[in-house]
Amino acid sequence: MVHECVDHDAPAGHADGRVAHGQPGAVPTRAERVAASAATGARDPDVAGVAAVVAIHSAHGFCGGLGLRSQWPATVHLASGERPSAPATSHHRTPAGVHAAGHQTPDPMSTPMIRTRFAPSPTGHLHIGSARTALFNWLLARKTGGVFILRIEDTDTDRNVPGADRQIIEDLRWLGLNWDEGIEVGGPHGPYYQSQRMDLYNAAIRRLLEAGQAYYAFDTSEELDAMRGEAEARKQAFRYPRPARLPDESDARRARDEGRPVVVRFKMPAEDITVHDEVMGDVTVAATELDDFIIRKADGMPVYHLANVVDDTAMGVNLVMRGQEFLAQTPRHIALQRAFGYPTPRYVHMPLTMDMKGRKLSKRDGAVEVHAFRQAGYLPETLLNFIALLGWSPGGDREKMTVAEMLELFSIERMNRVNSKFDRDKLLAFNTNAVAEASPERLSAGFDDWLAVNPDSPLSRAGLDAATRATLLEVNRGFRTFADIEHKSGFLYVDDEGISYDPAAVKKVLAKNDNAGFHMLAALLPQLEALEPWSTESIEGFIKGVCESQGVGMGNVAQPLRVAVSGTTISPAIYDTLVLLGKPRTLNRIRRALAINQ
RNA sequence: GCCCCCAUCGUCUAGUGGUCUAGGAUAUCAGGUUCUCAUCCUGAAGACACGGGUUCGAGUCCCGUUGGGGGUACCA
């Protein structure tokens with residue numbers, strides 16, 4: 001019985017033909033822990049309730065992320081001969097692949113379709129750590145034929161940033177993550193902004209109040225701070241002192257009249273609570289560690305814990321995968337669920353992503369938003385591949401994966417418990433590699449996108465035609481990010497007068513050895529003026545001829561030209577550079593360079 | 001302070017008691033290719049935090065220490 005539940009609940013690790021963790025003798029340590037917790041969790045009498053809720057749902061259209069359909073594992077082959085459910089067409093199909101390990105006939109009611117969600121608060125662009133959370137939830141939903149929901153948790157009116165929801169949508173779409181229910185696409189459990197679901201929270205809070213499981217409180221922040229200070233002075237953990245007589249409605253009215261803040265606190269039951277986490281195992285928090293936390297703020301908004309629990313249940317979310325920062329909060333959620341008579345979802349808390357100093361990934365350390373990586377010229381699929389490896393690994397030497405492969409390989413049991421550090425160097429290497437292997441079409445689309453999100457780049461301002469964009473991609477082969485193209489070729493698209501000469505480059509390439517570089521330029525100028533036609537071949541022939549006749553190396557000719565034309569020692573191959581620049585501008589820039597020696 | 005979680009090269013990780021004198025990637029270093037930058041190729045160096053157990057045998061299981069992280073909000 002227990003194994004049965006466990007196996008059905010496991011969303012992954014089957015489709016790829018691996019040994020299921022329910023099998024005696026082959027049960028790995030991690031799986032044992034996971035199995036034990038899942039089994040205990042399944043005892044919840046209300047699990048069937050979730051199934052009932054879920055069963056009502058009908059499929060919803062996909063919102064069509066960036067070319068995602070083409071990324072589906074159409075050719076994925078699995079050891080078991082199973083195919084992963086094709087998410088694009090069969091949301092509510094029973095995830096047959098999940099039962100492939102072949103135990104007893106599963107009870108459909110005990111294996112609800114997985115419903116996951118990503119619930120960011122709208123404070124700006126999508127954070128890279130949030131993107132990983134979204135990715136894992138998405139992967140799990142997609143690979144099991146489940147549903148992925150996008151909900152906005154905007155209950156903190158102070159922190160909400162107008163337009164942030166649009167930015168988050170844009171970032172998720174760019175990554176290629178789509179959602180079945182949620183903001184913009186709608187769904188049966190909307191609205192998907194918490195600020196528009198106040199009735200639900202108020203009703204829930206009222207229920208608790210009426211049942212004597214919550215009560216009003218009127219402390220000011222100053223009073224609370226003072227109490228905490230006292231507790232600290234006594235070296236005790238602060239716990240909110242529950243009054244002997246719980247304030248009622250009339251007390252609340254009076255407090256309001258007196259201008260005191262009125263909040264509602266949850267009456268935390270005096271019992272230890274165990275979270276059955278599928279990554280961390282069982283985590284028990286003692287009753288003495290939990291106090292009566294606020295569920296409704298003085299401004300009338302629900303606090304995260306309340307809204308989150310109410311919505312997850314209302315939306316049929318049965319698997320909560322989120323950062324480990326929430327693990328210690330989960331007992332509060334479970335207590336709330338019990339008070340409401342809600343089922344407890346499966347919990348998966350994943351390790352956090354830190355910066356290279358081991359601190360929380362913050363802006364200080366460089367780009368931390370998905371959008372910033374987009375502007376920096378990274379490929380979304382590479383970013384996805386990279387962040388998937390933070391806290392998860394497919395095993396073995398495997399690192400490079402397409403989205404389709406991630407879908408095939410992803411599983412909760414391969415999730416780590418250690419926080420990881422975000423290594424930008426490695427990301428860069430990943431992108432370099434991906435760029436080198438990408439098709440011209442992929443690079444072309446990626447470059448176009450980069451130009452669109454970098455409107456101030458000289459490359460964008462130049463309004464390049466498709467042929468030139470393709471040429472730029474070609475002559476810059478070996479670039480690591482699209483921004484490299486600007487770095488290396490941007491000078492082609494600024495005015496001749498806009499070229500400033502890097503003193504170090506001038507010194508090293510033009511002035512050194514008694515102005516050898518300048519002399520070379522002076523000698524080259526009339527010959528280039530006479531050169532016809534102005535093509536890669538003719539320029540190559542000309543420069544090679546000069547090298548030969550003067551008995552000098554390529555560098556002696558190419559470098560002075562490069563500095564003259566770009567102001568730096570960085571540019572595409574010299575023939576390509578001069579052709580792209582064109583004859584008049586090349587000559588003009590050489591004259592300008594010569595002029596700085598006067 | 002208190003509670004919880006975690007621990008393999010600098011970093012991401014493989015590792016499921018013997019096949020581990022610990023594998024891959026990235027970073028680093030040394031060579032090489034190249035008209036610059038970047039790419040690319042070859043090689044080197046680099047880790048089981050420490051101390052106890054259990055076991056014929058421990059990177060792997062247990063306990064402790066140390067270190068790191070998270071929580072302790074009218075943030076999420």
Side-chain angles (χ1 to χ4, degrees), chain A residues 26-32 119-121 123 153-156 158-159 217 219-221 224 228 231-232 234-239 261 263-265 275 277 280-281 283-286 288-291 293-299 301 303-305 307-308 322-329 331 349 351-352 354 356 358-360 386 389-400 416-430 432 435-436 476-480 484 487-488 505 509 543 547 553-559 561-563 566 568-575 577:
Chain A
V27 181
T29 307
R30 169 71 65 81
E32 273 177 305
S121 51
T123 55
E153 305 214 326
D154 53 352
T155 53
D156 185 348
D158 290 339
R159 293 208 319 171
D219 316 86
T220 63
S221 320
L224 253 11
R228 288 200 183 89
E232 196 175 335
R234 289 198 308 268
K235 287 167 88 168
Q236 283 177 347
F238 173 74
R239 298 188 73 224
V263 303
V264 176
R265 281 182 185 267
V275 182
D277 189 87
M280 306 307 299
V283 178
T284 300
V285 175
T288 52
E289 298 301 320
L290 301 161
D291 68 352
F293 60 97
I294 289 171
I295 53 178
R296 176 154 68 204
K297 313 178 206 177
D299 68 358
M301 296 299 278
V303 98
Y304 159 76
H305 307 296
N308 191 270
R322 73 225 313 191
Q324 240 170 55
E325 61 211 339
F326 294 106
L327 181 58
Q329 309 290 2
H349 286 94
L352 272 16
M354 323 296 278
M356 286 304 275
R359 305 232 161 257
K360 235 176 172 170
F386 185 74
L389 260 13
L390 266 21
W392 176 78
S393 155
D397 292 347
R398 196 74 184 276
E399 277 201 326
K400 248 174 38 184
N416 274 137
R417 287 124 105 203
V418 271
N419 293 166
S420 52
K421 294 176 185 170
F422 191 78
D423 186 348
R424 292 163 195 282
D425 289 336
K426 185 158 178 172
L427 204 215
L428 218 211
F430 261 53
T432 304
V435 162
N476 281 289
R477 258 169 316 177
F479 67 90
R480 295 113 93 223
D484 277 358
H487 180 234
K488 208 162 138 176
V509 176
I543 290 180
C547 290
M554 275 290 291
N556 292 302
V557 184
Q559 283 298 77
L561 281 172
R562 176 168 283 120
V563 173
S566 74
T568 71
T569 59
I570 301 168
S571 90
I574 198 65
Y575 321 129
T577 299

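Residue numbers begin at 1 in each chain, while the letters A, B, ... track the order of the sequences.
As judged by a 4.0 angstrom heavy-atom cut-off over every strand, Ala429(A) is placed among residues touching the sugar-phosphate backbone only. Among the heavy atoms of the strands lying under 4.0 Å from Arg477(A) is at least one base atom, whether or not backbone atoms are also near. Among the protein residues, Pro572(A) comes within range of the nucleic acid bases, having at least one heavy atom under 4.0 Å from a base atom. Base engagement by Ser571(A) is indicated by at least one non-hydrogen atom pair under 4.0 Å involving a base atom. The residue Gly323(A) sits apart from the nucleic acid: no heavy atom pair falls under 4.0 Å. As judged by a 4.0 angstrom heavy-atom cut-off over every strand, Phe293(A) is placed among residues making no nucleic acid contact. Nucleic acid contact class of Pro351(A) (heavy atoms, under 4.0 Å, all strands): none.
The main-chain N or O of Thr123(A) is never found under 3.5 Å from a side-chain atom of Ser121(A) such that the two would form a donor-acceptor pair. Counting only distance, with no hydrogens or angles, the side chain of Arg239(A) and the backbone of Leu290(A) share a donor-acceptor pair below 3.5 Å.
Listed nucleotides: rC74(B), rG24(B), rU36(B). Nearest to the side chain of Ile570(A): rU36(B). Nearest nucleotide to the side chain of Val418(A), out of rC6(B), rU13(B), rG70(B): rC6(B). Distance from the side chain of Asn416(A) is smallest to rU13(B) among rU36(B), rC12(B), rU13(B). In the set rC35(B), rA38(B), rU26(B), rU26(B) carries the atom at the smallest distance from any side-chain atom of Asp423(A). Taking every side-chain heavy atom of Glu399(A) into account, rA25(B) is the closest of rG69(B), rC6(B), rA25(B). The side chain of Asp425(A) lies closest to rU26(B), out of rA73(B), rA76(B), rU26(B). The side chain of Gln329(A) approaches rU72(B) more closely than any other nucleotide in the set rU36(B), rU72(B), rC37(B). Checking rC74(B), rC12(B), rA76(B) against the side-chain heavy atoms of His305(A) singles out rA76(B) as nearest. Nearest nucleotide to the Lys297(A) side chain, out of rA76(B), rG69(B), rU11(B): rA76(B). Taking the side chain of Met280(A) as heavy atoms from C-beta on, and the options rA14(B), rA76(B), rC5(B), the nearest nucleotide is rC5(B).
Lys426(A) has no side-chain polar atom (N or O) that falls below the 4.0 Å cut-off from OP1 or OP2 of rA27(B).
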List, with names and distances, any nitrogen or oxygen atoms from the protein found under 3.5 Å away from nitrogen or oxygen atoms belonging to nucleotides 1-3 of chain B.
unit_1: rC3(B); atom_1: O4'; unit_2: Glu289(A); atom_2: OE1; d: 3.2

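Aromatic ring pairs are classed by plane angle as parallel below 30°, tilted from 30° to 60° and perpendicular above 60°; the pair Phe430(A) and Phe386(A) is perpendicular.
Remark: Asp156(A) engages Arg159(A) in a salt bridge, criterion side-chain N to carboxylate O under 4.0 Å.
When side chains are defined from C-beta on, Phe326(A) counts as touching His349(A), because their heavy atoms get closer than 4.5 Å. The closest side-chain heavy-atom distance from Thr155(A) to Val303(A) is not below 4.5 Å.
Between Ser221(A) and Arg398(A), the residue anchored closer to the 5' end of RNA chain B is Arg398(A), taking for each the nucleotide with the nearest heavy atom.
Side-chain contact, Ser571(A) with Ser566(A): no donor N or O sits under 3.5 Å from an acceptor N or O.
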